[in-house]
Amino acid sequence: MFKVGDKIIYGNTGVCEVVSIGPLDIGGVKNEKEYYTLRPFFKGNGTIFTPVDNKKIVMRHILSKDETMEIIDEIDEIKPLEVKNEKLIEDEYKEEMKKCDCRDLVRVIKTIYKRQEKRNAEGKKTTATDERYFRIAEDSLYGEFGVVLNMSKDEVRDFITNRVEKKAALA
């Protein structure tokens with residue numbers, strides 16, 4: 001169970017802060033079921049109410065700084081997805097994204113990046129599906145890393161690029 005003030009990942013919404021925990025009082029009708037009231041960091045000014053025992057949407061603590069740095073340092077070793085059927089690529093992306101796991105987000109980003117390189121070399125444009133999932137995966141990954149590392153999403157992108165390049169130069 002999370003505590004008030006915890007920063008968590010709530011499905012594809014990304015990083016949220018737990019603002020309160022308890023029953024909801026909607027329209028004067030008291031509900032005894034426990035809910036988290038969440039405030040998303042990056043998705044507008046909205047509020048999310050979700051049952052404490054919600055099993056449909058992934059909810060987890062955000063990574064620690066050490067875990068984040070470990071993933072960044074593993075980026076070169078993380079393998080892209082093996083696309084078995086081009087017609088089902090969107091389903092594969094959705095399945096990976098649903099897990100809300102940073103290594104899986106890296107896998108999606110690497111897969112799409114390699115697909116973009118191949119299409120560009122063939123004189124083709126990037127598909128709309130690839131563009132959409134690339135943006136979603138980057139937003140999710142850089143959003144969590146940004147909160148953990150106290151950086152903006154753009155700073156995270158530059159930080160990762162520089163760290164991966166330095167590691168490659170030392171190898």
Donor-acceptor pair, side chain of [X] and main chain of [Y], under 3.5 angstrom:
| X | Y | answer |
| --- | --- | --- |
| Thr111 | Leu81 | yes |
| Asn162 | Asp158 | yes |
| Glu67 | Ser64 | yes |
| Glu144 | Ile62 | no |
| Arg119 | Lys124 | no |
| Asp6 | Lys3 | yes |

In the structure I gave you, are the side-chain heavy atoms of [X] and [Y] within less than 4.5 Å of one another anywhere?
| X | Y | value |
| --- | --- | --- |
| Phe145 | Lys153 | no |
| Val164 | Ile160 | yes |
| Val58 | Tyr10 | no |
| Pro23 | Lys33 | no |
| Leu88 | Lys84 | no |
| Lys7 | His61 | no |

Treating Ile, Leu, Val, Met, Phe, Trp and Tyr as nodes and any side-chain heavy-atom pair under 4.5 angstrom as an edge, say whether [X] and [Y] lie in one connected cluster.
| X | Y | result |
| --- | --- | --- |
| Val108 | Ile136 | yes |
| Leu24 | Met1 | no |
| Val18 | Phe41 | no |
| Ile112 | Val156 | yes |
| Val106 | Leu63 | yes |

[X] side, atom [atom1]; [Y] side, atom [atom2] - distance, nearest 0.5 Å:
| X | Y | atom1 | atom2 | answer |
| --- | --- | --- | --- | --- |
| Asp91 | Glu96 | CG | CD | 12.0 Å |
| Asn150 | Glu155 | CG | CD | 8.5 Å |
| Thr129 | Arg115 | OG1 | CZ | 8.5 Å |
| Ile75 | Thr161 | CD1 | OG1 | 8.5 Å |
| Glu165 | Asp76 | CD | CG | 10.0 Å |
| Asp104 | Tyr93 | CG | OH | 14.0 Å |

Side-chain H-bond candidate by donor/acceptor type, Asp130 with Thr126, under 3.5 Å: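 Side-chain D/A pair, Asp130 to Thr126: absent.
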
Stepwise salt bridge (Lys or Arg N to Asp or Glu O under 4.0 Å) check, Glu70 with Arg103: CA-CA 10 Å; Glu70 183 179 307; Arg103 285 178 180 85; 3.2 Å; yes

From Ile9, Ile72, Ile71, residue fulfilling side-chain contact (heavy atoms from CB on, under 4.5 Å) relative to Cys102: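 Of Ile9, Ile72, Ile71, side-chain contact (heavy atoms from CB on, under 4.5 Å) with Cys102 is met by Ile71 alone.
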
Could you report the tightest heavy-atom contact between [X] and [Y], atom names first, then the distance?
| X | Y | result |
| --- | --- | --- |
| Pro40 | Cys16 | CA-SG, 3.7 Å |
| Val52 | Met59 | O-CE, 4.1 Å |
| Ile109 | Leu141 | CD1-CD2, 3.8 Å |
| Val4 | Ile21 | N-CD1, 3.9 Å |
| Ile78 | Lys110 | O-NZ, 2.6 Å |

Decide if atom [atom1] of [X] counts as having more than 12 heavy atoms of other residues, nucleotides or ligands within a radius under 6.0 Å.
| X | atom1 | value |
| --- | --- | --- |
| Tyr113 | OH | no |
| Lys65 | NZ | no |
| Glu82 | CD | no |

Pi-cation contact, Tyr133 with Lys94 (under 6.0 Å, within 45°): no

Test log, rule salt bridge (Lys or Arg N to Asp or Glu O under 4.0 Å), inputs Glu95 and Lys98: CA-CA 5 Å; Glu95 204 53 43; Lys98 215 186 311 183; 3.5 Å; yes

side-chain contact (heavy atoms from CB on, under 4.5 Å) between Val83 and Glu86, intermediate numbers included: CA-CA 7 Å; Val83 179; Glu86 281 294 319; 3.7 Å; yes

Phe2 ring center near Tyr36 ring center (under 6.0 Å): yes

Test log, rule side-chain contact (heavy atoms from CB on, under 4.5 Å), inputs Thr47 and Val19: CA-CA 9 Å; Thr47 301; Val19 177; over 6 Å; no

Steps toward side-chain contact (heavy atoms from CB on, under 4.5 Å) verdict (Tyr35, Thr50): CA-CA 5 Å; Tyr35 284 82; Thr50 187; 5.6 Å; no

Trace of the side-chain hydrogen bond (donor to acceptor under 3.5 Å, both in side chains) decision for Tyr142 with Asp154: CA-CA 8 Å; Tyr142 297 165; Asp154 288 335; over 6 Å; no

Derivation and outcome, salt bridge (Lys or Arg N to Asp or Glu O under 4.0 Å), residues Lys167 and Glu74: CA-CA 10 Å; Lys167 186 179 175 197; Glu74 291 175 6; over 6 Å; no

Met69/Arg163 under side-chain contact (heavy atoms from CB on, under 4.5 Å): CA gap, chis, key distance, verdict: CA-CA 10 Å; Met69 295 308 292; Arg163 189 161 176 105; 3.1 Å; yes

Ion pair Arg39/Glu17, N-O distance below 4.0 Å: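 So Arg39 pairs with Glu17 through a salt bridge.
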
CA sep, side-chain torsions, deciding dist, call: Glu90, Arg132, salt bridge (Lys or Arg N to Asp or Glu O under 4.0 Å): CA-CA 10 Å; Glu90 185 170 10; Arg132 183 172 61 254; 2.8 Å; yes

